[in-house]
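From a predicted model like this one, the values you see are computed outputs, not experimental measurements.
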Amino acid sequence: MLRLKAFRPSSDKIVKIQLHPTHPWMVTADDSDRVSVWNWEHRQVIYELKAGGVDERRLVGAKLEKLAEGETESKGKPTEAIRGGSVKQVNFYDDDVRFWQLWHNRSAAAEAPTAVHASAFSSPAPSTKGRHFLVICCLNKAIFLDLVTMRGRDVPKQELDNKSLLCMEFLYRTGVGDSPLVAFGASDGVIRVLSMMTWKLVRRYTGGHKGSISCLMSFMAASGEALLVSGASDGLLIIWSADHGQDSRELVPKLSLKAHDGGVVAVELSRVMGGAPQLITIGADKALAIWDTVSFKELRRIKPVPKLPCHSVASWCHPRAPNLDILTCVKDSHIWAIEHPTYSALTRPLCELTTVIPPLALAPNKKLRVYCMVAHSMQPHLVATGTNIGVIICEFDPRSLPPVAPLPTPPDSREHSAIFVIERELKLLNFQLNNSANPSLGNSSSMSEIGRPKGDIFEPLPVKQGKKHISTPVPHDSYSVLSVSSSGKYVAIVWPDIPYFSIYKASDWSIVDSGSARLLAWDTCRDRFAILESALPPRIPIVPKGSSSKRAKEAAAAQAAAAAAAAASSASVQVRILLDDGTSNILMRSVGARSEPVIGLHGGALLGVAYRTSRRVSPIAATAISTIQSMPLSGYGSSGLSSFTTYDDGFSSHRSPTEAAPQNFQLYSWETFQPVGGLLPQPEWTAWDQTVEYCAFAYQQYIVISSLRPQYRYLGDVAIPYATSAVWHRRQLFVATPTTIEIVFVDAGVAQIDIEAKKMKEEQKMKEAQARAVAEHGELALITVEGPQSTKEERISLRPPMLQVVRLASFQHAPSVPPFLTLPKQSRVDDDSWKEMDERKTGEVAVGGGGVSVAVTRFPMEQKRPVGPLVVVGVRDGVLWLIDRYMCAHALSLSHPGIRCRCLAAYGDAVSAVKWASRLGREHHDDLAQFMLGMGYATEALHLPGISKRLEFDLAMKSSDLKRALQCLLTMSNSRDIGHDGTTGLGLNDILNLSDKKQDSDKKQDISEGVQGIVKFAKEFLDLIDAADATAQGEIAREALKRLATAGSVKGALQGHELRGLALRLANHGELTRLSGLVNNLITLGLGREAAFAAAVLGDNALMEKAWQDTGMLAEAVLHAHAHGRPTLKNLVQAWNQMLQREIEPTPSQKTDAAAAFLASLEEPKLTSLAEAGKKPPIEILPPGMMSLDAPISIQKKPPAAQNSQQPPGKPLALEAPPTTTATPESNTQQPESTPAPVNGDPAPAESTSASTSAPVAVPPQPESSETTVRDGDGVPTSAPASDGDPNVNTGKDPSVNGETVQAESTGNPAPPEVSPSPIAEVSETTVPAPTTTTVPVSDPPI
């Protein structure tokens, strides 16, 4: 699968290109000598400069820097002002580049059978100290630019014997003093070496070349010697020794070879599986030559593309094209690939770049030309090319994996094995840890147990491995996919390009089954597999290489595509089973009744089948789909599906991210072959846990993890993009991506469905037991004797699912801090101080008690990920095994306590996890405890010694260890000495009576601290009391209650809802003395509502009334007394009315005219004058049905029947709710409903608002000038001006209860003028739509 990873257009030709190994950076130089650094992942330019001429920005920057440092203007012009001349080479240099360059050289040399196995590969000491250099080699100078600080250093050619610089290479394996070194090849055939510490010339390599040097490369021979190879315009290839210390003498060549006529253009190192490394050279004579590095004999010489010389070469090893091992480019629009000599040594175009680029990038009459090419050293699926229209980064099937499959290890063996295919052979790889002291088993040298980094990097674990040949031949040598059945007895190999599959029995490697199939998937529970059977498409007619007949080619390609499509649509999914006797039987001829062609099969506990969806093809996708090349890459002319076509495997990576993935993936049951669930988006791969509890579906940007028992449930997704494969190990998912290795720790938590399933299982068990008993003993078995049964209610708390991702390995160095950030300013930083700093920084081990070394970090530093695509084998011997494309096994350590504890807990061994935690710094125990809690080990997590009290309380509550929870709470709230009955100074009076004596002030201090603590953790105290009540641990609940009750007696300590909760719990525990004490304290504190609530819980009406009366909540007191028929009612009503009167009297007033008064009455009625206020009768507001205060009190529980509208004078009118309709005596017509007049009185104090009370209000008359709206009999409202002091007009002025709005429905009746003014308003009661009640939302229930 080929796709465009990144494209950066440019107007100039890109002639030099280089990729950074670990960061997504690319440096390019174009033919007008502009150099730019580009981040190809985020499509951002990091830095640009003009290297050929003088870059003004850098010149100004250098001058400013000098001024800032106080230097005077130096003599001569600064080096920044020197013209660079044409750019000859660009490169990155930092610790990552250095490490991986050395690693590549080392691993290539180690492949040789004669290789001297030196000690395990140890990383070089960090030399660039966190800086990332961009190094540009120009004709007249070399520019070293630090991309972190943007400071640069220019080395003019005058310092290098005044010779033009043409190429450069970094040297390794040098003396410590002057590292790092960079070698420059010059126009006079001499190689000069510059130290990047002193910026001085340290040595020369002379006497080799007669012409100018064009390329340099350092590598390592199988003997372990560091060598430097140079190629020059005289056509010679010269080998030099690079293994010298500080000597600066002239060095002479070791060996000289005549390589190419007309000059050597480039040289590259190739790693050969099972052999010494080889050198690949290209020359001006259009030839490509391959050299052995042991004998330095020429192995092969070919002319890859006739008539055109190659300008770039890269060695390549990609699992999708096992037969291709060299990439090269000439000035056309292809990347060319050269086959391995054991195949046909053909050169074939790997891809045609015009089909990959965006449609409008290339002008119609312009031809694409490649000028340089580089393959990514760490991610072989990425190849970057510089062309005349810009930079193109192509991605070649990043998901294809090496053809290797791990076999299960026999129980008694320490050696593990994996089966792999190479060329046409089946081979066995055996590997195990090669250690005298196994780091994972915990030995006396505890330093290695931590995997302590030396320098700043993990030493890789030593691995002992060997390869064995299996006599069974393999039928094909193209791309193959290996997989192992669930029992490990069978190995399946599929060659999707052929298409063909074979199944081998692992005991004797005999073939059990074979046939034509492109896809194969195993069941995780039994030895069953599904294949996508396909009819063989016809062979494509091979178009001879020379023929230029474009039409013939296109016709052949179209014919091939049509044949492939027809074959694909006729293919069906078939399921077969392998029986114990080794025979294969067909279980199901065709799974699924869908008509779309199948494009993917995924094995597991359920069989996943992906279908091609027929969606409308967008124009972008159309151009992408048109890139199907019918070049037969695998095997000579074998099939229409070549290795790198954009054959639709369902992921169309050309889809824009916003476009939703099509729902085209269906799961089927292996038993019934029926669909399970609905359609899902197709995952790139699936991984199912062996115990069938969890599964992971990988998509391009994330992995979806689900639990399968007791029912399929989505747990969450983790953002691990571009993952290539993964392996489950209980609740750990080990994931490989092209750049990292991650662990995902997974736990499904506890959901409602789990509890229901558990109950159902228990009921089923009981039923089965009963059925068995009845079968054995008859009906008598069901008779049970009722005895005292103590049923302990098990509280199963729900737990959310947990996913935690930890990165185990990546390519990057642990980011070392640049020196200018950490070091104090020193005149000169010498090496020793650096070493000390590094030692200090990486002394990652502190010694805990008992001489156990403790890891200081929460997680280990990231280990180094092996290069290239990896197959994850899984965890064996306590390490994670991986196998790379060169069939080398690598082990990643899991021994850091932060990882080891998590792995053990996820594996189910929480006790060992707690033991291992003693080797983890105490400050990380909280983090680990949270993890164990997520995994469902609250009880075990309590044993971690370093957890904080707060977390300890939560864990104790979760694991129902309430005694420990109480102790934690007392410690956290500092309230151990508070609330004991015998102690003085802890009741409210004692607190108030504390004098200022020394001991008293100390005690006061203690008490205030204790109360503050209790207040802070009030919610926790209440939770603890509830938990104790639920599990019948009364003693613990009482201890907690004592503390809370003490805090409740301090003003402002507890919130209202906490006080109410406290009162309920005190009553629940029968702590009536404390409760009555609490009521009295609350009254003293003025918390009337809470006091009344506590009194209500206590059941004491008198105390409730007292609580309200003493805290000024008279409205509530009146209503309560009225409701309960208490004798104090009259006094309370009087007191209340007096209070309301007092609130009204002092209001300021002014005289207004009738219209203004009417408007004012609509807004908020005001008194017109103090004089009139004085004339009015006093306010009288009564509970419903109560007679006036002048009349003898007769308490009525129910409201009386409707009274006549004409009431005897002298009595205020009580408006009842709901009022009835009666006829008015003045006019016998019934008055229709009047407009409601909202009336606001002065608000009473806020705390006196009553709890949802219905208070119909007596409306006293208020003679004042106003205008009332009257509806005539016909219902038309008319405005009637009322004379000042008209007794028959009910003004809207009404005091209302507690500041609530009362809707007083009133109609004014204009009466004959002879009626003498009386203080009573004659109001006809009319039908009222809303009852005249007031509803106040209060948080308390009505008492």
task: Drop me the distance from Met1104's CE to Phe1093's CZ, to the nearest 0.5 angstrom.
output: 10.0 Å
Nearest heavy atoms of Glu1090 and Gly1056, plus distance in Å: OE2-CA, 3.2 Å
task: Output every pair passing salt bridge (Lys or Arg N to Asp or Glu O under 4.0 Å) with a member in residues 1102-1115, not counting sequence neighbours, ordered by first then second residue.
output: Glu1105-Arg1126, Lys1106-Asp1110
message: On a heavy-atom basis, which atom in Gly1034 and which in His1069 lie closest, and how many Å separate them?
response: O-CE1, 4.4 Å
- request: Rounded to the nearest 0.5 Å, what's the gap from OG1 on Thr1111 to CG on Leu1087? Could you check?
  value: 8.5 Å
message: As an exercise, state the distance from CG of Leu1041 to CZ of Arg1074, rounded to the nearest 0.5 Å.
response: 8.0 Å
CD on Glu952 to CZ on Arg964, rounded to 0.5 Å: 4.0 Å
- prompt: Side chains of Arg950 and Asp954: closer than 4.5 Å at any heavy-atom pair?
  reply: yes
query: What's the verdict on side chain to side chain contact (heavy atoms under 4.5 Å, CB included) for Trp1136 and Glu1116, showing C-alpha distance, side-chain angles and the deciding distance?
result: CA-CA 10 Å; Trp1136 184 32; Glu1116 283 83 346; over 6 Å; no
query: Okay, side chain of Asn974, backbone of Gly1013: is any donor-acceptor separation there less than 3.5 Å?
result: no
- line: By salt bridge (Lys or Arg N to Asp or Glu O under 4.0 Å), Lys963 pairs with (sequence neighbours left out) none
task: Hey, could you give me each pair passing salt bridge (Lys or Arg N to Asp or Glu O under 4.0 Å) that has a residue in residues 1075-1084? Not counting sequence neighbours.
output: none
- prompt: What do the steps show when you test Gln1109 against His1120 for side chain to side chain contact (heavy atoms under 4.5 Å, CB included), and what is the final call?
  reply: CA-CA 11 Å; Gln1109 205 172 346; His1120 176 262; over 6 Å; no
message: Please enumerate all residues that pass side-chain contact (heavy atoms from CB on, under 4.5 Å) together with Thr971, with sequence neighbours excluded.
response: Lys949, Arg976
- request: Determine whether Leu1103 and Asn1080 make a side-chain contact, defined as any pair of heavy atoms from C-beta on separated by less than 4.5 Å.
  value: yes
- request: Could you tell me which non-hydrogen atom of Glu1020 sits nearest to which non-hydrogen atom of Phe953, and how far apart they are?
  value: CG-CE2, 3.3 Å
- prompt: Which atoms form the tightest heavy-atom contact between Ile1025 and Ala1037, and what is the distance?
  reply: CG1-O, 3.9 Å
statement: Across all chains, not counting sequence neighbours, the salt bridge (Lys or Arg N to Asp or Glu O under 4.0 Å) partners of Asp1026 are Arg1065
- prompt: Within the side chain of Arg1043, is there an N or O that forms a donor-acceptor pair under 3.5 Å with the backbone of Phe1021?
  reply: no
statement: Interatomic distance, CE@Met1139 vs CZ@Arg1142, rounded to 0.5 Å, equals 7.5 Å
query: Is any side-chain N of the basic residue among Asp1023 and Lys1019 closer than 4.0 Å to the acidic one's carboxylate O?
result: yes
message: Give me the atom names and distance for the closest heavy-atom approach of Ala1121 to Leu1132.
response: CB-CD1, 3.8 Å
task: For Leu1044 and Leu1054, run side chain to side chain contact (heavy atoms under 4.5 Å, CB included): C-alpha distance rounded to whole Å, both residues' side-chain angles, the deciding distance at 0.1 Å, then the answer.
output: CA-CA 9 Å; Leu1044 266 183; Leu1054 295 180; 4.2 Å; yes
query: Does Glu1035 have any side-chain contact (heavy atoms from CB on, under 4.5 Å) partners at least two apart in sequence or in another chain, and if so, which?
result: Arg1038, Glu1039
Reported CG-to-CG distance for the pair Leu933 and Asp926, which is rounded to 0.5 angstrom: 11.5 Å
message: Is there a side chain to side chain contact (heavy atoms under 4.5 Å, CB included) between Ser960 and Thr1031? Walk through the geometry before answering.
response: CA-CA 9 Å; Ser960 306; Thr1031 51; 5.6 Å; no
Minimum heavy-atom distance between Val1097 and Ala1063, given as atom pair plus value: CG1-O, 3.9 Å
